[in-house]
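Structure first, then comments.
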Protein chains: 2
Amino acid sequence: MNVSAKPERTRLSAEDWEDAALRLIADQGVGALAVEALARQLGVTKGSFYWHFRTREALLQAALERWEQYGEREVISQIEAMPDPRARLPELFRRVAHELAPHRVYAALLKALDHPQVVPVMARVSQRRMEFLTNIYREAGLPPEEALNRARLTYAAYVGFLQLNFTLGLPRISHDEFDAYVEHMIKTLTPG
Amino acid sequence: MNVSAKPERTRLSAEDWEDAALRLIADQGVGALAVEALARQLGVTKGSFYWHFRTREALLQAALERWEQYGEREVISQIEAMPDPRARLPELFRRVAHELAPHRVYAALLKALDHPQVVPVMARVSQRRMEFLTNIYREAGLPPEEALNRARLTYAAYVGFLQLNFTLGLPRISHDEFDAYVEHMIKTLTPG
DNA sequence: TATCTACCATACGCACGAGTATGTAATCGC
DNA sequence: GCGATTACATACTCGTGCGTATGGTAGATA
């Protein structure tokens with residue numbers, strides 16, 4: 001990912017456009033993704049865009065696939081590297097709870113599931129994450145059937161939390177209250 | 001709500017437009033709500049629409065408020081009428097799990113949270129439901145703080161489930177598997 | 001240094017959906 | 001049964017955002 005801001009005045013690549021698109025999506029949602037708006041934000045005009053992409057749809061597709069590939073590899077590998085399986089779940093919970101930034105794109109895509117292009121991407125990403133969760137629960141000692149259901153429940157709670165908090169700003173919750181909520185989640189959803 | 005289909009050829013009221021709008025939202029999402037499309041579906045033209053409503057925005061607003069008021073009063077009152085507080089939660093879970101139709105509008109609005117008009121409505125509805133859930137948990141014996149957190153968790157799981165299943169079609173789950181999942185939810189989230 | 005190509009600007013066309021202007025048929029109060 | 005109001009049709013305007021056509025410029029290449 002290109003971390004640089006706007007004041008850079010070199011020439012742009014397709015990846016620059018995709019990154020900018022993802023930033024705009026995270027900030028204002030998929031509906032705000034318009035080529036002229038993006039071009040203004042990058043300090044160029046449409047002429048540039050249509051050299052790199054055939055259509056707006058193509059940009060969205062490329063940006064989504066880039067996001068999907070870039071993924072969350074670090075988190076998964078770091079969690080799986082932990083020696084004690086029982087310790088993985090609390091660590092995972094606390095981690096996603098306190099690193100909300102990486103989830104902003106996912107949250108933005110969640111509230112844009114009426115756009116047909118995002119549905120398959122979200123389906124794949126969510127599926128992979130749920131399989132990862134299922135494995136963790138099995139390694140923590142749950143029988144296969146129960147591990148699967150618990151993973152479904154946990155991931156649904158994650159998705160719902162993003163919607164209720166990020167988007168609806170609900171409930172109005174303080175920092176301490178939030179920590180208490182996370183601990184409650186761990187106590188309720190973690191076996192043993 | 002007017003249950004009648006299209007072949008009726010009487011004159012329309014504002015409520016008819018609102019009901020049709022809600023049906024269209026449930027079927028194709030908020031983004032598909034266009035006045036000419038709605039008019040076609042009702043067998044009339046735009047001229048009719050702009051007699052009943054000043055703008056498209058006004059129709060959406062009216063439809064949302066209508067949905068909010070119409071609400072889920074029956075479910076809440078029926079549950080609260082149950083004598084044994086401990087029996088309410090399992091009953092509530094099984095009920096919402098097997099009556100998915102009334103949740104279609106809610107699910108459609110969930111994937112349209114990038115439309116500014118739906119956010120406050122969804123915030124109010126979700127807030128009220130969570131307060132209802134919190135009460136149930138308290139009456140089931142949980143201390144206030146824990147009841148609140150458990151309600152947050154449960155409602156987040158509900159919201160996430162709608163997104164993952166209705167919209168993403170994920171996970172591909174059979175009828176029996178689904179029943180098992182519901183029972184797992186009850187066992188995990190119900191105190192005692 | 002000539003030119004070639006990648007990158008971008010400018011100026012259009014075009015479709016689509018919201019909203020307006022105005023005429024007309026049906027229905028109600030009396 | 002007659003004017004007034006309600007409900008709708010028809011035919012426009014207009015803004016917005018996508019895509020296209022075409023010409024320009026800076027850096028690489030030879």
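Convention: sequence-line order gives letters A, B, ...; per-chain numbering from 1.
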To the nearest Å, give me how far apart [atom1] ([X]) and [atom2] ([N]) are.
{"X": "B:Phe53", "N": "D:dA7", "atom1": "CZ", "atom2": "C1'", "result": "14 Å"}
{"X": "B:Leu59", "N": "C:dG19", "atom1": "CG", "atom2": "P", "result": "11 Å"}
{"X": "A:Leu38", "N": "D:dC18", "atom1": "CG", "atom2": "C1'", "result": "14 Å"}
{"X": "A:Leu24", "N": "D:dG17", "atom1": "CG", "atom2": "P", "result": "13 Å"}
{"X": "B:Tyr50", "N": "D:dC12", "atom1": "OH", "atom2": "C1'", "result": "14 Å"}
{"X": "A:Leu42", "N": "C:dC8", "atom1": "CG", "atom2": "P", "result": "9 Å"}
{"X": "A:Leu12", "N": "D:dT25", "atom1": "CG", "atom2": "P", "result": "19 Å"}
{"X": "B:Lys46", "N": "C:dT20", "atom1": "NZ", "atom2": "C1'", "result": "9 Å"}

Output the single nucleotide from [options] whose closest atom is nearest the side chain of [X].
{"X": "B:Ala34", "options": "D:dA9, D:dC18, C:dA18", "result": "C:dA18"}
{"X": "B:Thr55", "options": "D:dC18, D:dC8, C:dG19", "result": "C:dG19"}
{"X": "A:Trp51", "options": "C:dA18, C:dA6, D:dA9", "result": "C:dA6"}
{"X": "B:Thr45", "options": "C:dG19, C:dC8, D:dA9", "result": "D:dA9"}
{"X": "A:Glu36", "options": "D:dG17, C:dC8, C:dA18", "result": "D:dG17"}

Q) So does B:Ser48 get a side-chain nitrogen or oxygen closer than 4.0 Å to the phosphate oxygens (OP1/OP2) of D:dA7? A) no

Q: Verify the contact: side-chain N or O of B:His52 to OP1 or OP2 of D:dC8, cut-off strictly under 4.0 Å; return yes or no.
A: yes

Q: State yes or no: are the ring centers of B:Tyr158 and B:Phe93 separated by less than 6.0 Å?
A: no

(Q) Looking only at the aromatic ring of each residue, does the gap between the centers of A:Phe53 and A:Trp17 stay below 6.0 angstrom? (A)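 No, the ring of A:Trp17 stays outside the 6.0 Å limit from the ring of A:Phe53, centre to centre.
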
Q.
With hydrogens left out and only the distance checked, is there a donor-acceptor pair under 3.5 Å joining B:Arg11's side chain and the base of D:dT6?
A.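 Result: at least one qualifying N/O pair found.
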
(Q) Looking at B:Arg95 and B:Glu91, is there a salt bridge between them, counting it only when a charged N and a carboxylate O are closer than 4.0 Å? (A) yes

Q. With a 4.0 Å cut-off, would you call A:Glu183 and A:Arg94 a salt bridge?
A. yes

Q. Is a side-chain N or O of B:Arg150 found less than 3.5 angstrom from the main chain of B:Leu189, in a donor-acceptor match?
A. yes

